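See structure below.
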Amino acid sequence: MRAAAQGIGWLLVCAVLAGCASGGGQAVRPGVLLDDVQAQWGAPKAVYQHAQGQRVFYSPQPWQVRRLDFDALGRLQQIHEQVLSVAQFAAIEAGKWRAADVQQTFGPPARRATDADKGSVWSYFFLEYGVHRRARIHFDAGGNVARVDVAEDPAADDRYR
């Protein structure tokens, strides 16, 4: 009996933590309007226009970025729960991707460093499988991706970004 009570207690704790981890509050489903998402989740981190509608970014946790795609009528088409991952950054092709492509895929970077003569470096920070990581995307002076570096973040701590 005592073991069953402990098991139920753990299930409740997990349910509460899962609710907190969902970040933006209640779950949203395809078809919901952008205004309804903003009413539930608040102001987005970034909004970009594209030919089909809008791409909206939310960051429910400091190391998490959600990407929501809306059609021209403002209806949710697709949700990407976590766009920051080693696999996603590995898909960037040097010389083919531009700064706008990176921003439309990952949202605004956490940090930007610019050297007008040489280009810039954008940094993204994320948590993957319990490991804090840092992705740095190096751009040439023309705004083209020159290279991408993803590594464990040596500056990560419990207050993570």
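Keep in mind the model is a prediction, meaning the values are calculated, not measured.
Taking CZ of Phe125 as the reference point, atom CZ of Arg136 lies at 8.5 Å (rounded to 0.5 Å). Separating the CZ atom in Arg134 from the OH atom in Tyr124 is a distance of 15.0 Å, to the nearest 0.5 Å. Going from atom CD1 of Ile137 over to atom CZ of Arg112 covers 11.0 Å, rounded to the nearest 0.5 Å. Atom CD of Gln104 is separated from atom CD of Gln49 by 9.0 Å, given to the nearest 0.5 angstrom. Note that CZ of Arg55 is 12.0 Å distant from CD of Gln103, once rounded to the nearest 0.5 Å. In this structure, the separation between CG on Asp71 and CG on Leu34 is 10.5 Å, given to the nearest 0.5 Å.
With a 4.5 Å cut-off on side-chain heavy atoms, Thr105 and Arg67 count as touching. Under the 4.5 Å side-chain criterion, counting only non-hydrogen atoms from C-beta, Ser85 is not in contact with Arg133. Taking the side chain as every heavy atom from C-beta outward, Trp63 and Leu84 never approach each other to under 4.5 Å. Contact check for His80 versus Asp69: side-chain heavy atoms found under the 4.5 Å cut-off. Put simply, the side chain of Pro60 reaches to within 4.5 Å of the side chain of Arg66, judged on heavy atoms. Using a 4.5 Å heavy-atom threshold, the side chains of Val145 and Phe139 count as touching.
A pairwise comparison of heavy atoms in Ala94 and Ala146 identifies CB-O, 3.3 Å as the closest pair. The shortest non-hydrogen separation linking Phe106 to Ile92 is CE1-CD1, 3.5 Å. Between Ala156 and His132, the closest heavy-atom pair is CB-CB, 3.3 Å. When all heavy atoms of Val56 and Pro44 are compared, the closest pair comes out as CG1-CB, 3.4 Å.
In the hydrophobic clustering of ILVMFWY residues, with side-chain heavy atoms under 4.5 Å counting as a link, Val83 and Val102 come out together.
For Phe57 and Tyr48, the gap between ring centers is short of 6.0 Å. The aromatic ring centres of Phe89 and Phe126 sit less than 6.0 Å apart.
For Lys118, the NZ atom counts as loosely surrounded, since its 6.0 Å shell holds 12 or fewer non-hydrogen atoms of other residues, nucleotides or ligands.
Gln82 contributes a side-chain N or O that, together with a main-chain N or O of Val65, makes up a donor-acceptor pair within less than 3.5 Å. A donor-acceptor contact shorter than 3.5 Å links the side chain of Arg98 to the backbone of Gly142. No side-chain donor-acceptor contact under 3.5 Å links Glu81 to the backbone of Ile79. Side-chain atoms of Tyr58 never come within 3.5 Å of backbone atoms of Leu68 as a donor-acceptor pair (strictly under, hydrogens ignored).
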Review point. Between Val37 and Val32, is a side-chain contact (heavy atoms from CB on, under 4.5 Å) present by the stated rule, with each step listed?
Key: CA-CA 7 Å; Val37 172; Val32 71; 3.6 Å; yes

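Applying the side chain to side chain contact (heavy atoms under 4.5 Å, CB included) test to Glu93 and every residue at least two apart in sequence or in another chain returns Lys96, Trp97.
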